[in-house]
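Reviewing the structure listed below.
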Amino acid sequence: MEKLQSNLEEIVERLFGERTRVELGLAPEGTGADYATNVAMKLAKVVRKSPMEIAEEIGREVESDEYEVSVAAPGFLNFRMRDDYFVEKVRELATGGLVVEGDYAGKMVITEFSDPNPFKVLHVGHLYTSVVGDAISRILERAGTKVVRANFGGDVGLHVGKTLWAMQQKHYSSGDISIEKIAQCYVEGTRAYEEDEKAKTEIVELNKTLYRIAAMGKDVSEVLGGEEGELAKLYWCGRELSYEYFDEFYAKIGVKFDKYYPESTVTDKGLEEVKAHIGTTYEESNGAIVYHGEKVGLHTRVFINAQGVPTYETKDVGLIFTKWEDWHFDESVVITGNEQTEYMKVVLASVKEYAPELVERTRHLTHGMVKLPGSVKMSSRKGNFLRAVDVLEMVREELGGEKADWKVVLAAIKYAFLKYKMGGDIVFDPKESVAMNGNSGVYLLYSAVRAKKILQKAGKGGNEHGEMGEYERGLSKKIVQYEEILRGAVEEKAPYKICNYLYELAQEFSRFYEHVKVAGSEREGELMGIVRGYLRVMEDGLGLLGIEVPEEM
């Protein structure tokens, strides 16, 4: 529709001397038209003519073999596309490259998402942000963007101190631990930190030692020896187990990362930047280094505590500069939960005072919590939070347990997450996610597989041409909208737009399937072309969501 839109804008400027963006949308049902614009009504006050008069003037200037033009009260311009237009556009989509032209072509974007901490178990929030971050990355790549997928995690910090403290209480050695034992020790260490003052003091001191161990590198245990050497072995073994666990999980859900940024690798850079701007951006307060966010309508946060230990804020400062040094990105997209909104505002506000260009290139996207029906609140402290693997198992059980097709399991989960606009909380219902009829990933897969089966029967009918019927036209028109949907999804980094479109597309295909005989008909060749276009778009759209269509269901 870009060609028609551009043509209308040129006509408006020529007739009325106004440079106006013409918005084309779907025409209302019952008008007999495919697309419509209200540009005449927008121009009425400016050019001092009635909308109908303006619409008629524009209509007389519009000439094309691709559509018929009509005017409807109170001033709509309606366009009915000729059959050949849809036939050609569907053929192009079925056989050509699906490339989105736009502002992101040729740019470098780093997407940071998932961000689990070593020494802790992946929970449902990590699964959600992994799925969303991967889909956004895929969408940007479709726009011709060079995307680097990054993962930032706390390999140092108080959570590590809590975990290692609990391991020491159990007298674990590096050969004793597993990811399950690490998870349990984190829960026990967190409880002790909150309930036992002596344990809290010990954990704080242990945390300082762990910063030093992490900074000295993997071979530090050989240098230190003794009790600290054993602690170093425990730390590095636990960290390696954590990253192996992450990699296995990401491979299982079809998500990849180009770069891991452990906190310990960016801390020194953060300290360098914060200390370099003490007295201008950051200030000393009761032995700590803080940023007074109140001066820009935010709140004060500590960047280096009174014990000289850098906080998460300083590590995030280091990450911003490290990513810039590594990639010189055009844009850095950071995806976190909503609870990080105010925190990130303060971090970015502080950096803006001495590196405004980096902040201008950073976009922080946030999402709500994922809950099960009933809004059961999960607690990592009590150890009863919803693990990422729990979600996978729930859906697999709904689909038949061990015999379930893993592609279908992932489709159910990913689509259930992605169909919602980012921002609010999501109630994830395992039963709803696998519904064969309704707005689910399983329904879309079934629709795509049905199209595959139709195409397998090709060659038994004729190649006659004829006028498009209601259902052929409806499906063709929906297929042609795909490029427009892609542009919107890229501009807004919004996978949900693709989900909504694919569901509507599948509904159109269902109506087509019920009313139009394809295989063996006299117009089989022409109708198969529509089915081929439908399958290509459905597979492509699902692919951008990280969903693969199986051969059978």
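Because the structure is a prediction, the values reported are computed rather than measured.
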Residues in side chain to side chain contact (heavy atoms under 4.5 Å, CB included) contact with [X], at least two apart in sequence or another chain:
{"X": "T163", "value": "F119, M167, I182, C185, Y186"}
{"X": "K407", "value": "D405, E548, P550"}
{"X": "D268", "value": "L271"}

Would D540 and R142 pass as an ion pair if we require N to O under 4.0 Å?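 Salt bridge: yes.
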
Short N-O contact, K162 and E194, less than 4.0 angstrom: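 Salt bridge absent between K162 and E194.
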
Output all residues satisfying ring pair (Phe, Tyr, Trp, His ring centres under 6.0 Å) with Y420, sequence neighbours left out; order by chain, then residue number.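 For Y420 there are no ring pair (Phe, Tyr, Trp, His ring centres under 6.0 Å) partners, ignoring immediate neighbours.
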
What residues, two or more places apart in sequence or in another chain, satisfy ring pair (Phe, Tyr, Trp, His ring centres under 6.0 Å) together with Y501?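 By the ring pair (Phe, Tyr, Trp, His ring centres under 6.0 Å) rule, Y501 matches Y482.
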
Which label fits F246 and Y250: parallel for a plane angle under 30°, tilted from 30 to 60°, or perpendicular past 60°?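 The arrangement is tilted - the two ring planes meet at 30° to 60°.
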
Contact check, side chains of Y291 and V347, non-hydrogen atoms, under 4.5 Å: no

Quick one about K493 and Y104 (side-chain donor to acceptor, distance below 3.5 Å, no hydrogens or angles considered), yes or no?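 Y104 vs K493: donor-acceptor pair found between side chains.
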
Under 3.5 Å, is there a donor-acceptor pair between the Y343 and T336 side chains? no

Taking salt bridge (Lys or Arg N to Asp or Glu O under 4.0 Å) as the cut-off, I'd like each qualifying pair that reaches into residues 107-117, sequence neighbours left out, listed once.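 Non-adjacent pairs meeting salt bridge (Lys or Arg N to Asp or Glu O under 4.0 Å): E112-K323.
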
